[in-house]
Amino acid sequence: MATNHFLASLDFSPENYDVLFSLASRIIDSPSDYGDRCRGKLMATLFYEPSTRTRLSFEAAMLRLGGGVISVASAKSSSVSKGESLGDTIRTVGGYADLIVMRHPKEGAAILAAEYSPVPLINGGDGAREHPTQTLTDLFTIHRFKEHFDGLTVAFCGDLRYGRTVHSLVKALARYSGAKFILISPPELRLPERIVREVKEINPAATLEETARMEDGLEIADVLYMTRIQKERFFNEEDYIRLRDTYILTEDKLRAASSEMIVMHPLPRVTEIDYAIDADPRAVYFDQARFGMFARMALIVHLLSDKEDGDA
Ligand code: NCD
């Protein structure tokens with residue numbers, strides 16, 4: 001594969017992702033075959049922003065592979081609070097661990113960190129920019145439920161401006177033929193123009209349709225990707241409060257969707273999906289969270305395997 005770091009969703013080609021999906025599925029089918037795969041290896045998780053799924057799924061993944069984990073759970077509890085630079089922290093931690101997973105509030109922090117990292121570095125989210133391992137999780141979920149990517153209509157709903165999971169996923173999906181996107185958001189939270197441009201560059205034949213009405217996407221989507229309004233990236237509370245309940249997926253609304261559509265969400269959910277939806281077979285967001293752990297196991301195995309070994 002092209003890189004030893006994983007900083008952005010386009011770092012891997014569709015073929016690279018296929019290799020990871022096959023490996024993740026083999027791990028799901030025979031977990032005990034992989035229980036010693038990373039014995040003797042250490043992964044460091046540096047999370048300078050809150051996280052439940054990304055951090056814990058990475059840590060669970062490494063422990064299930066027989067490896068160990070060292071962790072900094074917040075900037076406050078590390079030497080960053082004493083004024084240490086990111087580069088110095090990464091150089092130091094790279095001397096302790098074989099792999100680093102980092103989440104940081106600043107856009108581009110992962111790129112900077114990778115420059116200093118002597119070991120593979122995985123971007124666990126950098127500000128509103130990228131969240132490539134969520135893309136890996138999301139693509140693996142679509143692969144498991146839909147078995148193909150070509151010709152899919154994907155509706156993204158909610159905070160398309162600040163939602164980094166959307167930014168990473170829409171670009172990765174744009175590479176498949178017949179890609180069609182319905183972008184559902186209030187005008188203030190539209191997908192940034194630079195990402196719309198990138199999608200068109202990646203695939204000039206991809207269709208992007210913007211709308212403020214959730215119904216426009218529900219009726220035709222194969223995948224509905226709901227997102228939370230990203231409170232922490234707003235400049236003022238008033239705007240957040242005004243926009244936070246713009247879209248709420250209810251049983252009533254879901255009636256308009258096809259019985260084959262799947263409802264995804266990177267989680268955490270706030271108010272945008274009614275709890276009653278959880279029992280609907282189309283709601284796959286908790287499967288998605290679980291698949292994320294297996295996808296990350298595959299990623300760790302890949303990044304830590306000797307290049308000659310050829311097995312993923
Ligand atoms: C996402 C994130 O951190 O960007 N969460 C996650 O990793 N599953 C989505 C979000 O916080 O809304």
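Keep in mind it's a predicted model, so treat the numbers as computed, not measured. Counting starts at 1 for both ligands and their atoms, following the listed order.
Within the 4.5 Å cutoff, the side chain of Lys180 has no heavy atoms near those of the Val154 side chain.
Here the side chain of Glu272 pairs no donor or acceptor atom with the backbone of Ile229 at under 3.5 angstrom.
The shortest heavy-atom contact between Arg233 and Gly127 is NH2-O, 3.4 Å. Annotation for Asp126 and Asn123: closest pair OD1-ND2, 3.1 Å, computed over non-hydrogen atoms.
At a 3.5 angstrom cut-off on N or O pairs, Pro268 does not count as close to ligand 1. Residue-to-ligand polar distances place Arg164 within reach of ligand 1: an N/O pair is separated by less than 3.5 Å. Between Arg228 and ligand 1, at least one pair of N/O atoms sits closer than 3.5 Å.
Under 4.0 Å from ligand 1, the heavy atoms of Arg103 that appear belong solely to its side chain. Neither the backbone nor the side chain of Thr227 comes within contact range of ligand 1; no heavy atom lies under 4.0 Å.
Here Asp274 does not pair with Arg269 in a salt bridge; the nearest charged N to carboxylate O distance is not below 4.0 Å. Salt bridge status for Arg213 with Glu219: absent, with no side-chain N to carboxylate O gap under 4.0 Å.
Close approach of ligand 1 to Thr165 is summarised as follows: ligand atoms under 4.0 Å from at least one heavy atom of the residue are 1 (C), 4 (O), 9 (C). Atoms of ligand 1 lying under 4.0 Å from any heavy atom of Thr54, numbered from 1 in the order shown and given with element: 6 (C), 7 (O).
Note on ring orientation: taking the six-membered ring where Trp is involved, the planes of Phe140 and Phe291 are perpendicular (angle over 60°, cut-offs 30° and 60°).
With Val270, Leu267, Thr137 as candidates, the residue nearest to atom 5 (N) of ligand 1 on a non-hydrogen basis is Leu267.
When only non-hydrogen protein atoms are considered, atom 7 (O) of ligand 1 lies nearest to His131 NE2, 2.7 Å.
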